[in-house]
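One structure below.
In this text, all values refer to a predicted model and were calculated from it rather than measured experimentally. Order of the sequence lines fixes the chain letters, A, B, ..., with proteins taken first and strands second; residue numbering starts at 1 for each chain.
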There are 2 protein chains.
Amino acid sequence: MATIEDVAKLAGLSRTTVSRVINDQPYVTEEKRQRIIQAMNDLGYVPNSSARRLRSQRTETIAVLLPRLTNPFFGNLIEAMEEKASEWGYQVIVCQTHDSKKKEMDYLQLLKTKQVDGIIMASLVNDWEVVEPYLESGPIVFCNEYMDESCIPMVHMDHKQAAYEATVHLLEQGCKQIAYVTGGPESHLSKERRKGFTSALSEYNLPFIEDMTIDWAMDVSDGQKVFHMISNEFTQVDGIFTGSDEVAAGLIYEAASSDWRIPDDLAVVGFDNQMLSLLMVPSVTTIEQPVKQMADKTVEVLIQQLLHPGTLPAQKYVFPHQLLIRNSTKRKKLSIQ
Amino acid sequence: MATIEDVAKLAGLSRTTVSRVINDQPYVTEEKRQRIIQAMNDLGYVPNSSARRLRSQRTETIAVLLPRLTNPFFGNLIEAMEEKASEWGYQVIVCQTHDSKKKEMDYLQLLKTKQVDGIIMASLVNDWEVVEPYLESGPIVFCNEYMDESCIPMVHMDHKQAAYEATVHLLEQGCKQIAYVTGGPESHLSKERRKGFTSALSEYNLPFIEDMTIDWAMDVSDGQKVFHMISNEFTQVDGIFTGSDEVAAGLIYEAASSDWRIPDDLAVVGFDNQMLSLLMVPSVTTIEQPVKQMADKTVEVLIQQLLHPGTLPAQKYVFPHQLLIRNSTKRKKLSIQ
DNA sequence: TTGTACGCGTTATCAA
DNA sequence: TTGATAACGCGTACAA
């Protein structure tokens with residue numbers, strides 16, 4: 001492994017001069033610059049990143065915390081983040097918390113130990129008071145998840161409003177008994193969604209029925225289970241608000257081999273507008289999130305803070321969503337009425 | 001930022017002793033150990049990772065190169081890899097090459113610059129001769145992709161055999177004109193698949209027709225385009241071998257709004273057994289890959305090399321696949337015959 | 001325009 | 001059982 005010292009010796013110059021060439025600094029004669037470049041090539045020299053990090057106190061690496069990559073929403077998110085970060089010369093470390101408080105804390109340690117310059121939290125299961133101290137070690141930005149009491153930049157959409165709109169849509173289709181199906185931990189985000197759901201209900205003078213709430217549904221197979229629960233125990237349910245397209249898909253898949261008709265017996269809305277939701281038969285009404293824009297903005301905001309600390313207010317960046325009405329809720333009965 | 005020096009001073013001991021405590025080394029009195037632990041807590045001391053890296057020449061980080069995370073196969077792959085790596089205390093850097101030779105090389109540089117200890121290549125677009133020199137800087141393991149001329153560990157399944165079986169299945173269903181649809185660069189892997197495809201054809205005395213080959217289909221929307229090409233230009237086609245479930249899904253989706261019946265007019269096989277392939281109507285016949293096992297083995301092999309260099313032969317680990325026959329190829333006509 | 005010398009924070013060696 | 005000291009490889013005041 002050739003070091004800067006080796007290059008200097010071979011070129012008959014000092015480490016300093018070599019360093020200047022490496023970092024494109026002025027005050028080096030063209031002739032010597034060439035001699036050094038030659039020497040670097042001859043030796044196959046590459047600057048040692050660990051030494052640079054120690055010296056500069058910067059790693060040019062960020063960590064992205066998220067629950068799990070299996071969820072395509074996060075897959076898309078990190079894909080866009082990696083691309084954006086790479087444009088700025090930053091590496092991205094993937095950190096799957098699996099909604100575990102401990103794992104989330106472990107990954108936050110990356111900031112303290114200086115393995116990363118900053119952190120994006122798209123997973124948030126710990127309370128703010130335990131996260132906050134890490135801010136001393138570097139910037140943190142929330143993406144998707146959010147928390148009012150914190151004072152850091154947040155990039156997300158209005159989940160409350162989105163849930164509200166989806167629920168109103170179900171009600172407009174004539175649903176009288178809507179089940180609320182969600183998954184993952186009780187995060188601030190999921191609370192917001194629930195608020196939107198209930199506020200739509202109360203607008204239609206309907207109560208929120210705790211019995212018709214399921215809080216463990218995260219993927220397709222959970223969706224299948226949900227359908228069986230409903231068709232066995234809650235036969236009066238005629239609409240479902242779902243926190244994910246996967247759950248909605250599992251539900252619809254299972255309904256196909258029953259005598260329940262979707263949307264007429266059961267209207268279903270998903271969330272995220274995954275490819276899946278378009279391809280299902282019937283296609284799934286869902287909420288479109290501007291994933292790429294949110295990812296780009298998040299990385300931008302974080303890197304901005306790294307490059308120019310303290311110049312950015314702890315702003316909220318709220319992105320627009322869109323309710324995509326598809327066949328899983330379009331009731332024919334109604335259009336005839 | 002407290003350093004080891006600060007801790008030493010506060011505890012009234014030397015850096016060396018503190019270092020011993022940090023690294024759980026013997027030869028420290030219990031009393032002094034406690035004093036040091038106390039001091040560390042008081043100062044909120046955390047060892048600086050950059051300094052450790054420089055000193056130890058190890059980063060405890062690996063890079064995973066892959067084409068893109070949008071493809072759920074790679075999403076699942078890296079999810080499993082991150083989990084496994086995390087068990088060993090290793091960080092994972094995501095590197096999306098987008099099938100670009102340049103990006104692939106750029107990411108390989110991480111090894112040279114000592115930003116990572118080792119690399120997993122699940123993307124492989126460069127020739128072996130340009131990849132090989134990087135082996136000097138650390139171990140590389142192939143996953144999914146492979147290359148006979150190389151001499152490093154490879155973890156994958158038998159794509160040739162898988163493609164062969166899928167094609168034979170189409171032929172058994174009575175297909176006479178099978179289109180070959182693939183995407184991405186001409187990798188060794190895709191060549192293997194094609195070999196399997198052609199060898200099945202020739203076994204049934206059918207020629208490989210270059211005209212009925214499409215090499216740019218990678219996702220759902222490409223699948224839709226493919227269907228239109230076929231229904232407009234190649235109406236004689238009655239079966240399709242597809243390199244991905246996404247393409248198969250797009251094709252099937254588009255066929256639904258035409259007068260083509262699947263599988264009777266057109267039988268379709270996918271690849272990877274994504275959730276999607278099960279949920280489509282009709283469900284998609286596909287090849288199941290043992291993603292998690294492959295991911296685990298790959299990480300295991302790489303870390304093995306990091307911990308005990310030179311103890312492992314450059315073996316191939318070939319995992320079994322499985323042809324899952326579903327409705328997109330099960331012809332009713334035939335079962336009556 | 002170039003070089004000397006120090007420090008970034010750790011750990012390993014060796015002597016006490 | 002403990003500590004002084006020398007690396008690890010690089011960047012940068014400061015001096016020349």
Side-chain angles (χ1 to χ4, degrees), chain A residues 1-37 39-40 43-61 89 109-117 137-138, chain B residues 1-37 39-40 43-61 89 109-117 137-138:
Chain A
M1 229 6 22
T3 75
I4 200 173
E5 178 78 49
D6 301 329
V7 177
K9 272 191 191 139
L10 184 58
L13 292 162
S14 77
R15 286 207 299 274
T16 315
T17 311
V18 178
S19 176
R20 287 209 182 88
V21 172
I22 295 170
N23 298 296
D24 276 321
Q25 284 169 17
Y27 304 128
V28 183
T29 341
E30 191 48 34
E31 180 252 325
K32 306 207 165 155
R33 182 181 299 275
Q34 287 310 326
R35 233 161 73 200
I36 288 171
I37 289 174
M40 295 202 300
L43 292 168
Y45 168 79
V46 177
N48 178 305
S49 139
S50 303
R52 288 191 128 169
R53 286 176 179 225
L54 178 57
R55 182 61 236 221
S56 66
Q57 308 282 33
R58 298 185 317 104
T59 66
E60 308 201 307
T61 304
Q109 281 286 338
L110 293 176
L111 199 54
K112 265 204 176 165
T113 59
K114 302 287 176 207
Q115 299 206 52
V116 301
D117 294 337
S137 312
Chain B
M1 230 4 25
T3 75
I4 200 173
E5 179 77 49
D6 301 329
V7 177
K9 272 190 191 141
L10 184 59
L13 292 163
S14 75
R15 287 207 300 270
T16 315
T17 311
V18 177
S19 174
R20 287 207 183 88
V21 172
I22 295 170
N23 298 294
D24 274 323
Q25 286 168 16
Y27 305 126
V28 184
T29 342
E30 190 48 34
E31 179 253 326
K32 307 210 165 155
R33 182 181 300 274
Q34 288 309 325
R35 234 161 72 201
I36 287 171
I37 290 175
M40 295 201 302
L43 292 169
Y45 167 79
V46 177
N48 179 305
S49 139
S50 303
R52 283 191 137 168
R53 286 177 179 226
L54 178 57
R55 184 58 236 212
S56 67
Q57 309 281 33
R58 298 185 318 104
T59 65
E60 307 201 308
T61 305
Q109 280 287 338
L110 293 177
L111 199 54
K112 265 203 177 167
T113 60
K114 302 286 175 208
Q115 300 206 52
V116 300
D117 294 335
S137 311

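Across all strands, B:Pro47 comes closer than 4.0 Å only to sugar-phosphate atoms, never to a base (heavy-atom distances). Within 4.0 Å of B:Thr17, counting heavy atoms only, lie sugar-phosphate atoms of the nucleic acid but no base atom. Using a 4.0 Å heavy-atom distance criterion, B:Val46 is classed as a sugar-phosphate-only contact.
One atom, CZ of A:Arg58, and another, P of D:dC10, lie 16 Å apart when rounded to the nearest Å. When rounded to the nearest whole Å, the span between NZ of B:Lys114 and P of D:dC10 equals 12 Å. Distance CD (A:Gln25) to P (C:dT1): 14 Å, rounded to an integer number of Å. One atom, CD of A:Glu5, and another, P of D:dG9, lie 10 Å apart when rounded to the nearest Å. Summarising the geometry, the separation between CD1 on B:Ile36 and C1' on D:dT2 is reported as 10 Å, rounded to the nearest angstrom. Rounded to whole Å, the distance from CZ on A:Arg53 to C1' on D:dC10 is 14 Å. Atom-to-atom, CZ of B:Arg55 to P of C:dA12 comes out at 6 Å; the value is rounded to the nearest Å. As rounded to whole Å, 11 Å separates atom P of C:dC8 from atom CG of B:Asn48.
The residue among A:Arg20 and A:Thr3 whose nearest nucleotide of DNA chain D is located toward the 5' end is A:Thr3.
At distances below 3.5 Å, at least one donor-acceptor pair connects side-chain atoms of A:Asn48 with backbone N or O atoms of A:Ser50.
A donor atom on one side chain and an acceptor atom on the other are found under 3.5 Å apart for A:Thr17 and A:Ser14. Between the side chains of A:Thr3 and A:Arg15, not a single donor N or O lies within less than 3.5 Å of an accepting N or O.
Side-chain proximity of A:Tyr27 to the nucleotides D:dG11, D:dT2, C:dT1 is greatest for C:dT1. Comparing C:dT2, C:dT10, D:dG11 by their nearest atom to the side chain of A:Asn23 picks out D:dG11. Of the candidates D:dG11, C:dC8, D:dT2, D:dT2 carries the atom nearest the B:Thr29 side chain, counting heavy atoms from C-beta on.
Counting heavy atoms from C-beta on, the side chains of B:Asp6 and B:Leu10 never come closer than 4.5 Å.
In this structure, A:Lys32 reaches the C:dT2 phosphate: one of its side-chain N or O atoms is under 4.0 Å from OP1 or OP2. Side-chain nitrogen and oxygen atoms of B:Gln57 include none within less than 4.0 Å of the OP1 or OP2 phosphate oxygen of C:dT11.
For B:Thr16 and D:dA4, a side-chain-to-base donor-acceptor distance below 3.5 Å is present, hydrogens and geometry of angles not being considered.
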Test side-chain contact (heavy atoms from CB on, under 4.5 Å) applied to B:Arg53 and A:Gln115, step by step
CA-CA 10 Å; B:Arg53 286 177 179 226; A:Gln115 299 206 52; 3.6 Å; yes
